[in-house]
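So the structure is just underneath, and the comments pick up after that.
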Amino acid sequence: MNAGQTDLRTRFEAAFMPNYGVPPVALARGEGSRVWGADGREYLDLIGGIAVSSLGHAHPAIVRAVSEQVATLAHTSNLYLHEQEVLLAERLLGLLGAPGRVFLCNSGAEANECAYKLAVKYGKATGRTYFVATENGFHGRTMGALSLTGKASIREPFGPFPVDVRFVPFDDVDALKAAVTDQCAAVFLEPTQGEAGVVPASEGYLTAVREICDATGALLVADEVQSAIGRAGHWFAHQADGFTPDILTLAKGLGGGMPIGAVVGFGPAGTIYEKGDHGSTFGGNPVSCAAALAVLDTIDSENLLAHVRTVGDRLARGVAAVDHPLLTGVRGRGLWRAILLAEPKAAQVQAAAERAGFLVNAVQPAAVRLAPPLVITSEEIDAFLAALPAILTEAADA
Ligand SMILES: *Cc1c(COP(=O)(O)O)cnc(C)c1O
């Protein structure tokens with residue numbers, strides 16, 4: 001207890017594989033949109049565990065739901081069903097407002113693995129042999145999800161992959177049209193690319209993708225692992241984008257910090273799997289389902305979708321109003337934004353922000369991602385906006 005930052009970081013480095021490097025801050029606790037380091041320093045959390053801590057930290061609704069459930073029944077496996085998972089699946093389908101079926105798992109990569117296997121099975125049944133995904137897209141680190149991930153620097157060291165995936169530039173209708181034929185099993189994409197730096201599609205792109213998939217019979221898989229559950233100011237980003245995918249994948253914000261992922265197959269895509277085709281021992285465990293239900297209930301009862309749009313716009317307007325040579329713009333939607341820089345100094349901005357008491361994420365060399373808890377207040381946003389010019393100056397000089 002109370003181990004200092006340096007001590008914990010040294011022990012982390014000795015005990016863990018080097019894949020993450022050593023994170024700069026050891027966190028000890030959180031409350032609302034604030035977290036405290038192991039050394040007692042307070043931070044405003046503007047990244048929310050990568051768009052995961054949707055209700056912030058230690059939200060009473062999640063604490064209550066998880067505590068009660070873990071004290072009642074923590075695990076059943078898929079050999080037995082339980083009420084929480086049924087409630088959650090029904091709830092998701094109700095929010096989606098279209099007939100479908102749900103699969104529950106534990107993470108984003110797992111959700112995409114499930115979607116991938118659904119598409120493989122669909123392809124085998126219909127003579128479709130390849131997949132299309134987008135350049136700079138991100139779908140996870142498992143071999144299947146990685147094979148769909150459009151960032152060559154993280155995919156290629158682990159290739160070749162056993163499945164034929166063809167990459168097209170994101171937001172390019174003509175390129176997609178040329179790539180998708182009646183031999184294509186599925187198109188995988190994020191409606192707004194998160195890891196690429198919160199890059200939204202142009203108006204009309206996603207409805208064009210839907211039309212291309214309809215014309216060729218390719219399944220449209222929307223990876224909303226990062227964009228859904230209020231992050232973009234709507235339950236699901238695709239609802240605002242005006243299209244319905246065949247398969248939807250969810251994770252990150254759904255559990256408000258508890259690990260859970262979900263896949264929804266709409267219409268016929270909901271019944272591609274037959275008994276025995278897929279499974280997960282921990283998937284849909286009662287504790288994570290209880291957390292997810294608390295998240296969805298709270299977004300509803302606290303009217304958080306409207307709040308996200310209001311404070312998200314305030315954040316974007318406030319960043320855009322900062323006049324600084326290092327800042328070139330801001331993009332994104334809701335509480336999901338990227339601050340764009342004139343130079344590749346995102347790492348320096350992240351470090352300067354941390355010194356000033358704000359956690360932000362250098363998602364790209366010249367883009368800083370903000371994905372704060374959906375419960376962040378206007379006052380907290382304003383505190384960051386007031387500090388931003390000095391943070392940028394410090395980063396520019398670093
Ligand atoms: C984070 C992310 C994933 C991977 O999720 P994990 O839970 O880390 O496996 C997949 N797709 C998108 C769009 C993501 O943002």
Side-chain angles (χ1 to χ4, degrees), residues 32-33 45-57 59-62 65 87-98 100 102 108 190-194 198 200-201 203 206 222-245 248-258 260-262 264 266 289-319 330-338 369-382 384:
S33 299
D45 182 5
L46 294 165
I47 188 60
I50 317 185
V52 164
S53 305
S54 37
L55 302 189
H57 303 277
H59 192 286
I62 295 186
L87 289 170
L88 179 58
E90 289 173 347
R91 191 72 199 278
L92 288 172
L93 292 173
L95 293 173
L96 286 159
V102 177
E190 302 155 84
T192 288
Q193 291 187 323
V198 196
E203 177 102 38
L206 294 160
D223 179 346
E224 287 223 44
V225 165
Q226 192 163 158
S227 57
I229 320 297
R231 178 58 49 198
H234 303 270
W235 285 111
F236 307 94
H238 73 262
Q239 294 176 323
D241 293 323
F243 76 104
T244 304
L248 171 69
T249 59
L250 305 169
K252 289 201 166 88
L254 178 59
M258 293 297 290
I260 186 165
V264 183
F266 294 97
C289 288
L293 284 164
V295 168
L296 299 177
D297 285 346
T298 304
I299 290 175
D300 224 356
S301 64
E302 296 186 6
N303 209 5
L304 288 178
L305 298 180
H307 174 75
V308 167
R309 294 197 285 266
T310 307
V311 294
D313 285 347
R314 185 185 188 96
L315 174 61
R317 273 201 319 273
V319 172
V330 57
R331 71 180 166 221
R333 289 189 285 174
L335 283 172
W336 195 33
R337 303 280 176 171
R369 174 170 50 181
L370 308 176
L374 308 184
V375 296
I376 195 166
T377 63
S378 304
E379 293 72 28
E380 287 167 331
I381 298 270
D382 290 350
F384 172 68

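All heavy atoms count here, side chains included; hydrogens, waters and symmetry mates do not. Bear in mind that the values here come from a model prediction, so they are computed numbers and not experimental data.
In terms of heavy atoms, Leu335 sits closest to Pro373 at CD1-O, 3.7 Å. Across Glu302 and Val375, no two heavy atoms sit closer than the pair OE1-CG1, 4.3 Å. Residue Ala316 comes nearest to Arg337 through the heavy atom pair CB-NH1, 3.3 Å, listed as atom of the first residue, atom of the second, then distance. Here the shortest heavy-atom pairing between Met258 and Ala291 reads CG-CB, 3.5 Å. Looking at every heavy atom in both residues, His238 comes nearest to Phe243 through CD2-O, 3.0 Å. For Arg314 against Ser378, the heavy-atom pair with the smallest separation is NE-CB, 3.7 Å.
Legend: salt bridge (Lys or Arg N to Asp or Glu O under 4.0 Å) pairs involving residues 232-243, not counting sequence neighbours, sorted by first then second residue: Asp241-Arg333.
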Check: How far apart are the C-alpha atoms of Thr249 and Val264, what are their side-chain angles, what is the distance that settles it, and do they pass the side chain to side chain contact (heavy atoms under 4.5 Å, CB included) test?
Finding: CA-CA 7 Å; Thr249 59; Val264 183; over 6 Å; no
Next item on the list: For side chain to side chain contact (heavy atoms under 4.5 Å, CB included), just list the numbers for Trp235 and Leu96, CA-CA rounded to whole Å, side-chain angles, deciding distance to a tenth of an Å, and then say yes or no.
Entry: CA-CA 8 Å; Trp235 285 111; Leu96 286 159; over 6 Å; no
Next item on the list: Could you go through the side chain to side chain contact (heavy atoms under 4.5 Å, CB included) check for Val102 and Leu88 one step at a time?
Entry: CA-CA 9 Å; Val102 177; Leu88 179 58; over 6 Å; no
Margin query: Checking Ile47 against Arg369 for the side chain to side chain contact (heavy atoms under 4.5 Å, CB included) test, could you report, in this order, the C-alpha distance in whole Å, the side-chain angles of both residues, the deciding distance, and whether it holds?
Written below: CA-CA 7 Å; Ile47 188 60; Arg369 174 170 50 181; 3.8 Å; yes
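Side chain of Glu380 to main chain of Phe384: no donor-acceptor pair is present (N/O by atom type, distance under 3.5 Å, no hydrogens or angles). One N or O on the side chain of Asp45 and one on the backbone of Gly48 form a donor-acceptor pair closer than 3.5 Å. The main-chain N or O of Ile376 is found under 3.5 Å from a side-chain atom of His307 such that the two form a donor-acceptor pair.
Taking the side chain to side chain contact (heavy atoms under 4.5 Å, CB included) definition, one finds that Val319 meets it with Leu315, Leu327, Val330, Ile339, Leu385, Leu388, sequence neighbours left out. The side-chain hydrogen bond (donor to acceptor under 3.5 Å, both in side chains) test applied to Ser227 returns Glu224, not counting sequence neighbours. Asp297 is linked by a side chain to side chain contact (heavy atoms under 4.5 Å, CB included) to Arg91, counting only residues two or more places apart in sequence or in another chain. With sequence neighbours excluded, no residue forms a salt bridge (charged side-chain N to carboxylate O under 4.0 Å, His left out) with Arg317. Among residues two or more places apart in sequence or in another chain, the side chain to side chain contact (heavy atoms under 4.5 Å, CB included) test is passed with Ser53 by His57.
Atom NZ of Lys252 is separated from atom CD of Gln226 by 4.5 Å, given to the nearest 0.5 angstrom.
Leu92 is listed as a side-chain neighbour of Leu250, based on a closest heavy-atom distance under 4.5 Å.
Annotation for Ile50: atom CD1 does not count as buried by contact number, only 12 or fewer foreign heavy atoms lying within 6.0 Å.
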